[in-house]
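Notes follow once the structure below has been shown.
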Amino acid sequence: ESPGLVPKAKPEPQLQFQLSAAAAAAAMQRRGGDAAQANGHMNGRAGAPAGASDRFRKLAGKGIAALLCAALFMGAAVRQAALQAQETETETQIAMLLSEKSSLRPPPRRLTVHQHGVFWQMPFDLHDEKMKNEVLNGVVLLLHGCNHKAADWFNPGGELGCDYCLGLPEERQIARKLLDAGFGIVAVKSELDCWRPHRTDVVAIARALEEIYGTENLLPVDPDPWVPPEASEGADGDERRLRGNRQLLEEQAQRPAPLFVFGASIGGTLAASIFWKLFLVPKATTGSDWLMEARGLPQSFYGVGTPFRVSGAVAEIANLNMDAAAHFDLHQKGVKMPPTMFVYMAKDSFLKGKILNQIDALTSYNKELTLPTVALGEVAIDEGFFHERTEFSGRPISKDMSEAIFKSLKGFEMIDDDGFLLFDPRGEKNWRGVLIRDVPHIQQYDSLQADRSGVSELLNVAWGFHEMSSEPIDKAIAFFLKHSPLNPAPPSEESPQGGVAPEEGGGTRRGGA
């Protein structure tokens with residue numbers, strides 16, 4: 001946040017109250033002492049017992065102490081209220097600034113590339129002369145999991161006019177934070193229900209990136225310029241094609257835009273390996289040349305024709321689908337793996353083991369690799385959970401409905417006293433039927449269908465087993481910025497498995513350490 005957002009310190013209104021309260025207490029003490037002394041003289045004259053004045057002084061002292069405690073308590077309460085008001089004012093100013101930036105943000109756009117739906121959005125209008133000094137930190141390619149699609153990252157309706165967009169809560173939170181951090185986002189749908197990384201999906205991704213970079217006048221940035229290892233005729237030809245493509249883009253490019261990738265499940269596996277698939281498009285596919293030509297692909301995509309190089313990747317709930325020997329062979333040929341963060345959910349011990357074993361194998365071949373890990377644990381649910389997590393989604397849930405959902409699931413004995421789930425939402429227990437019974441009209445706001453429901457997705461996140469999660473997005477953004485080729489400061493030393501600290505348990509999280 002900009003320092004200008006923090007309001008100047010204001011004089012504390014409670015200070016005068018505290019001083020006057022203390023002064024009044026002191027005056028009362030003096031008056032009490034004087035009264036006690038006078039009373040003592042009177043009691044002495046009347047022959048009253050000698051201890052009466054002592055008892056009176058003790059009672060007066062207790063009263064004064066109570067008044068002092070009350071004054072201090074009221075002063076602390078006023079101070080706390082003033083601090084909370086100041087924090088609220090600061091948060092309001094930040095929210096207003098982000099809202100103002102969002103209101104200036106161009107709407108999402110879409111296109112179709114070889115039967116693949118493509119959506120993209122930029123953090124600001126790149127063609128507006130007033131925005132020429134705004135910083136574009138890069139473009140993040142978003143890759144969905146099986147049975148999902150690119151439209152999950154965007155809300156229905158609006159200028160996009162996408163009736164089939166779902167705007168799922170975790171995807172929307174990831175997209176929103178990336179845009180707020182100055183990244184453009186690009187989401188591509190797989191041809192079938194799941195990605196087929198060795199077929200035409202990667203070719204379509206490369207084609208979509210070329211279209212979008214051209215439309216937005218962006219320049220691909222190579223974090224590690226490729227030099228053919230051998231001066232053979234084929235390598236020279238590949239290099240000429242590579243340079244030719246870059247020259248075409250450089251003629252109209254205005255902004256450099258490094259490419260980053262964020263994916264989950266099989267989309268995470270593709271995110272971790274697309275660096276070499278883009279490099280070898282379409283040699284990484286099993287289709288023949290005539291198939292590529294039949295789909296209208298330009299000759300520039302043969303060999304290493306695509307100019308897109310990955311500067312950093314985040315693979316959620318996914319491992320790298322490539323053995324260490326194959327990686328080492330690519331590395332020897334000059335195709336280097338970018339810094340890649342692997343995110344796993346702590347309950348998924350099998351996937352965790354695969355990821356850590358692969359990292360050990362890869363770093364045994366190449367100790368220069370940057371492969372940090374982040375572990376995600378369970379997330380506690382409270383009355384406001386579903387409202388807060390769906391605020392920016394396509395189907396926001398009201399506070400009242402969020403509370404009703406919580407109470408229904410708690411009554412169903414699905415949530416324990418600490419707010420954590422007692423069983424897997426993907427299991428056999430019919431929590432959906434319970435919600436339909438207990439929460440009127442819930443299906444008007446949420447389908448409750450697997451892979452299409454915000455409530456279902458959030459319960460999977462809370463359970464902490466194999467689900468797209470926005471929990472590590474702040475770490476992902478910091479990771480992208482740290483390893484960006486636009487960053488003048490070189491990345492600091494980062495251990496292969498410990499570069500990013502795991503999520504700690506405690507509070508509303510547990511099991512992430």
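In this text, all values refer to a predicted model and were calculated from it rather than measured experimentally. Throughout, residue positions are numbered sequentially from 1 according to the sequence presented.
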Is the backbone N or O of [Y] less than 3.5 Å from a side-chain atom of [X], with the two atoms forming a donor-acceptor pair by type?
| X | Y | result |
| --- | --- | --- |
| Ser402 | Ser398 | no |
| Glu170 | Ser470 | yes |
| Tyr213 | Ala257 | yes |
| Asn487 | His483 | no |
| Asp193 | Cys146 | no |
| Ser393 | Glu391 | no |
| Asn319 | Gln358 | no |
| Asp446 | Val455 | yes |

Heavy-atom distance under 4.5 Å between the side chains of [X] and [Y], does that happen here?
| X | Y | answer |
| --- | --- | --- |
| Ile317 | Leu351 | yes |
| Met122 | Leu218 | yes |
| Met401 | Ile405 | yes |
| Arg426 | Trp463 | no |
| Gln121 | Phe154 | yes |
| Glu316 | His466 | no |
| Cys165 | Asn155 | no |
| Phe183 | Ile477 | yes |

Is it true that atom [atom1] of [X] has more than 12 heavy atoms of other residues, nucleotides or ligands lying nearer than 6.0 Å?
| X | atom1 | value |
| --- | --- | --- |
| Arg452 | CZ | no |
| Phe350 | CZ | no |
| Tyr445 | OH | no |

Check the pair Thr373 / Val343 against side chain to side chain contact (heavy atoms under 4.5 Å, CB included), numbers first and verdict last. CA-CA 6 Å; Thr373 60; Val343 180; over 6 Å; no
Trace of the side chain to side chain contact (heavy atoms under 4.5 Å, CB included) decision for Val203 with His114: CA-CA 9 Å; Val203 180; His114 307 306; 5.6 Å; no
Do NZ/NE/NH1/NH2 and the carboxylate oxygens of Asp180 and Arg176 come within less than 4.0 Å?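 Salt bridge present between Asp180 and Arg176.
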Would you call Arg389 and Glu471 a salt bridge, taking side-chain N to carboxylate O under 4.0 Å as the test?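 Yes, charged N to carboxylate O under 4.0 Å.
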Hey, would you say the His144 and Trp153 ring centroids sit under 6.0 Å apart?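 Ring-ring flag for His144/Trp153: false, centres at least 6.0 Å apart.
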Are the ring centres of Phe479 and Phe260 closer than 6.0 Å?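 Not close enough - the centres of the two rings lie 6.0 Å or further apart.
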For the [atom1] atom of [X] and the [atom2] atom of [Y], what is their distance to the nearest 0.5 Å?
| X | Y | atom1 | atom2 | value |
| --- | --- | --- | --- | --- |
| Tyr344 | Lys352 | OH | NZ | 4.5 Å |
| Lys336 | Phe275 | NZ | CZ | 12.0 Å |
| Arg105 | Asp125 | CZ | CG | 12.5 Å |
| Leu209 | Leu278 | CG | CG | 7.0 Å |
| Ser453 | Leu459 | OG | CG | 8.0 Å |
| Met468 | Asn460 | CE | CG | 12.0 Å |

So which heavy atom on [X] is nearest to which on [Y], and how close?
| X | Y | result |
| --- | --- | --- |
| Ala150 | Lys189 | CB-N, 3.6 Å |
| Ser311 | Val221 | OG-O, 4.4 Å |
| Ala208 | Val118 | CB-CG2, 3.8 Å |
| Ser265 | Ala318 | O-CB, 3.1 Å |
| Thr390 | Ile397 | OG1-N, 3.0 Å |
| Val261 | Ala271 | CG1-CB, 3.5 Å |

Is there a side chain to side chain contact (heavy atoms under 4.5 Å, CB included) between Glu211 and Leu111? Walk through the geometry before answering. CA-CA 9 Å; Glu211 289 278 354; Leu111 57 88; 4.3 Å; yes
Test log, rule side chain to side chain contact (heavy atoms under 4.5 Å, CB included), inputs Val139 and Leu141: CA-CA 7 Å; Val139 170; Leu141 174 65; 5.9 Å; no
Test ring pair (Phe, Tyr, Trp, His ring centres under 6.0 Å) on Phe480 and Phe262 and set out the steps. CA-CA 10 Å; Phe480 290 158; Phe262 184 104; 7.3 Å; no
Run the numbers on Lys347 and Glu378 for salt bridge (Lys or Arg N to Asp or Glu O under 4.0 Å), then give the verdict. CA-CA 8 Å; Lys347 277 187 176 179; Glu378 299 170 77; 3.5 Å; yes
